[in-house]
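All remarks here apply to the structure that follows.
The chains referred to below are lettered A, B, ... by the order of the sequence lines, with proteins before strands, and numbering in each begins at 1.
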2 protein chains.
Amino acid sequence: MASFTVENYLKAIYGLSQKQRGGVSTNAIAEAIGTKAATVSDMLKKLSANKLIHYKKYQGTTLTTKGAAMALNIIRKHRLWEVFLVEKLDFRWDEVHDLAEELEHIDSDELINRLEAFLDNPKFDPHGDPIPDKSGVIHQREQVALTDIQVNEAGVVTGVKDSSKEFLQFLDTQGIELGDRLVIKEVFEYDKSRTIELDGKAMTLSHQVCKNLYVKTEA
Amino acid sequence: MASFTVENYLKAIYGLSQKQRGGVSTNAIAEAIGTKAATVSDMLKKLSANKLIHYKKYQGTTLTTKGAAMALNIIRKHRLWEVFLVEKLDFRWDEVHDLAEELEHIDSDELINRLEAFLDNPKFDPHGDPIPDKSGVIHQREQVALTDIQVNEAGVVTGVKDSSKEFLQFLDTQGIELGDRLVIKEVFEYDKSRTIELDGKAMTLSHQVCKNLYVKTEA
DNA sequence: CATCTTTTTTAGACTCGTCTAAATTTATTT
DNA sequence: AAATAAATTTAGACGAGTCTAAAAAAGATG
Ligand SMILES: [Mn+2]
Ligand SMILES: [Mn+2]
Ligand SMILES: [Mn+2]
Ligand SMILES: [Mn+2]
């Protein structure tokens, strides 16, 4: 129904609105989509005319119920395709994003529902992000960043905040993957780096890494 | 690389060039793609400028080596996705064409090669059409239409010439599927219909049906 | 071969998504 | 509060792909 372009705008607005409260700015959308603010302004007018966003000039934008439903469906498709690529075609978790970026626009609910069943109804994608169900309901997992737990606290790695190829490959080199159990051994106040124990091995992780790693604590 | 539109033109030209000898006409392309002749003329100029077709005004067109290679890759992707949809997601053979029409444009050789392996390197799609290999080589099966075999000759159903939903669903109602063995029992000269025996059951098929059913004879 | 018909191409226009440059509004700072 | 800075929108343009209407070429017919 909606063009690739419109779908990408909706997804971007949804994503940005999750990271802050209040409306999403024109510049933020331009940055996310890789386009210019002028282009975004034009598009916001069209999306608004189609009742996909709430929009007052100069005031930022938020998705309407209809717009949010469409965004969630695209996210659902994106994440299910990512699971397919990793689980069935043996792609690595750092290789699947761009492909899913294309596959998410394939227009068929029947296809995506069957794919979901074929994959045994996964609840999370390869990066630990939750998969919205058919009606767009998304269950956020109870998880905290590694920066938010104390010395001697333990956690299981459940996801990443930064899904960039670079970060994912860095985690690979360190042998850190989803499901790993770790314990914080020491926090260095100087640079906020932390020493953790994982698989019986000690390693030190920078503040930047800890900020971007989600764990579920054993509370 | 090439846009969806360009890919669809190349595929259409390839398909039409298989059905006749000589160049493909502007009108035929317009008809195949569902557009107007004027639009096709414009596009032919662009494809020619990009060295994807040989083109002389008013003379029809043929694909260059480069154009043919691209067309075959799209056909390869189309057919492998069709196999996936039928074999893995349990779609029926009459349901998969339009979805494959979208999926064929996903731009990744790595993806399609992995999909091929995941599907156990199928050689034919759900309609019996051969799947080009990685280098675009396509092995046409030795098969003939049901109109071309004699009374008492036997054959195994290997494909359909007409892949329309209507014909495929008709075959379903008659219980005819790929792999079925049949024998021609009688040919009626009056309307060229034929009586066949299949699974021990006799049935009469019209000339139109026989023309569109391919079989491999036991020669 | 001259005319009529069909096919194909050109001309001009439209939509979608994009851009740069300029104008406008909002936010921040003295 | 005025001045300056930053964010946003408007104006005007462009390429891709499409259309309708008109012109031109090729093909068929008497
Ligand atoms: Mn996308
Ligand atoms: Mn993901
Ligand atoms: Mn297509
Ligand atoms: Mn097919």
Side-chain angles (χ1 to χ4, degrees), chain A residues 1-17 19-63 67 70-71 74 101-102 104-105 107, chain B residues 1-13 16-17 19-63 67 70-71 74 101-102 104-105 107:
Chain A
M1 196 90 287
S3 67
F4 280 33
T5 307
V6 166
E7 293 193 342
N8 284 337
Y9 272 89
L10 294 176
K11 191 164 64 116
I13 295 168
Y14 181 90
L16 291 166
S17 71
K19 301 204 211 320
Q20 325 125 173
R21 63 262 162 279
V24 175
S25 77
T26 300
N27 266 350
I29 298 168
E31 160 83 26
I33 288 192
T35 184
K36 294 300 162 71
T39 308
V40 174
S41 273
D42 272 2
M43 183 57 73
L44 292 183
K45 257 181 291 184
K46 292 178 201 165
L47 294 178
S48 180
N50 284 94
K51 308 263 191 235
L52 296 171
I53 60 172
H54 300 292
Y55 176 55
K56 279 250 154 65
K57 278 202 278 193
Y58 297 102
Q59 296 311 126
T61 184
T62 54
L63 294 173
M70 286 179 58
I74 301 158
E101 207 61 42
E102 290 191 55
E104 69 189 2
H105 302 291
D107 179 28
Chain B
M1 197 90 288
S3 67
F4 280 32
T5 307
V6 166
E7 293 193 342
N8 284 337
Y9 274 89
L10 293 176
K11 192 164 62 113
I13 295 167
L16 291 166
S17 72
K19 300 204 212 321
Q20 327 124 176
R21 65 263 162 278
V24 175
S25 77
T26 300
N27 266 350
I29 298 168
E31 160 83 28
I33 287 191
T35 184
K36 294 298 162 73
T39 308
V40 174
S41 273
D42 273 0
M43 180 58 72
L44 292 183
K45 257 182 287 185
K46 294 178 200 165
L47 294 178
S48 182
N50 285 91
K51 309 262 189 233
L52 295 171
I53 59 171
H54 300 292
Y55 176 55
K56 280 250 154 65
K57 278 201 278 194
Y58 295 102
Q59 296 311 125
T61 184
T62 55
L63 294 173
M70 288 180 57
I74 301 157
E101 207 61 42
E102 290 192 56
E104 69 189 2
H105 302 291
D107 179 26

Could you tell me the separation between the [atom1] atom of [X] and the [atom2] atom of [N], rounded to a whole number of Å?
{"X": "B:Leu16", "N": "C:dT7", "atom1": "CG", "atom2": "C1'", "result": "16 Å"}
{"X": "B:Lys45", "N": "C:dT8", "atom1": "NZ", "atom2": "P", "result": "15 Å"}
{"X": "B:Met43", "N": "C:dT10", "atom1": "CE", "atom2": "P", "result": "15 Å"}
{"X": "B:Leu44", "N": "C:dT10", "atom1": "CG", "atom2": "C1'", "result": "14 Å"}
{"X": "B:Leu10", "N": "D:dG17", "atom1": "CG", "atom2": "P", "result": "11 Å"}

Is [X] touching bases, backbone alone, or none of the nucleic acid, heavy atoms closer than 4.0 Å?
{"X": "A:Thr26", "answer": "sugar-phosphate"}
{"X": "A:Tyr55", "answer": "sugar-phosphate"}
{"X": "B:Thr5", "answer": "sugar-phosphate"}
{"X": "B:Ser41", "answer": "base"}

Does a side-chain N or O of [X] approach OP1 or OP2 of [N] to a distance below 4.0 Å, or not?
{"X": "A:Asn27", "N": "D:dA6", "value": "no"}
{"X": "A:Lys57", "N": "C:dT24", "value": "no"}
{"X": "B:Lys36", "N": "D:dT20", "value": "yes"}
{"X": "A:Ser3", "N": "C:dG17", "value": "yes"}
{"X": "B:Thr35", "N": "D:dG17", "value": "no"}
{"X": "A:Lys46", "N": "C:dT15", "value": "no"}
{"X": "A:Ser25", "N": "D:dA7", "value": "no"}
{"X": "A:Tyr9", "N": "C:dC16", "value": "no"}

Query - Min side-chain heavy-atom separation A:Leu47-A:Tyr55 under 4.5 Å - result: no
Requested in this report: Report yes or no: does B:Ser48 contribute a side-chain atom to a donor-acceptor pair with the main-chain N or O of B:His54 at less than 3.5 Å?
Outcome: no
Query raised in the report: Should the pair B:Phe4 and A:Phe4 be assigned to parallel (<30°), tilted (30 to 60°) or perpendicular (>60°) ring geometry?
Result: perpendicular
Query raised in the report: In this structure, which one of B:Asn8, B:Thr62, B:Ile29, B:Val40 forms a side-chain contact (heavy atoms from CB on, under 4.5 Å) with B:Ile13?
Result: B:Ile29
Report summary line: Between A:Ile33 and B:Val24, whichever has its closest DNA chain C nucleotide further toward 5' is B:Val24
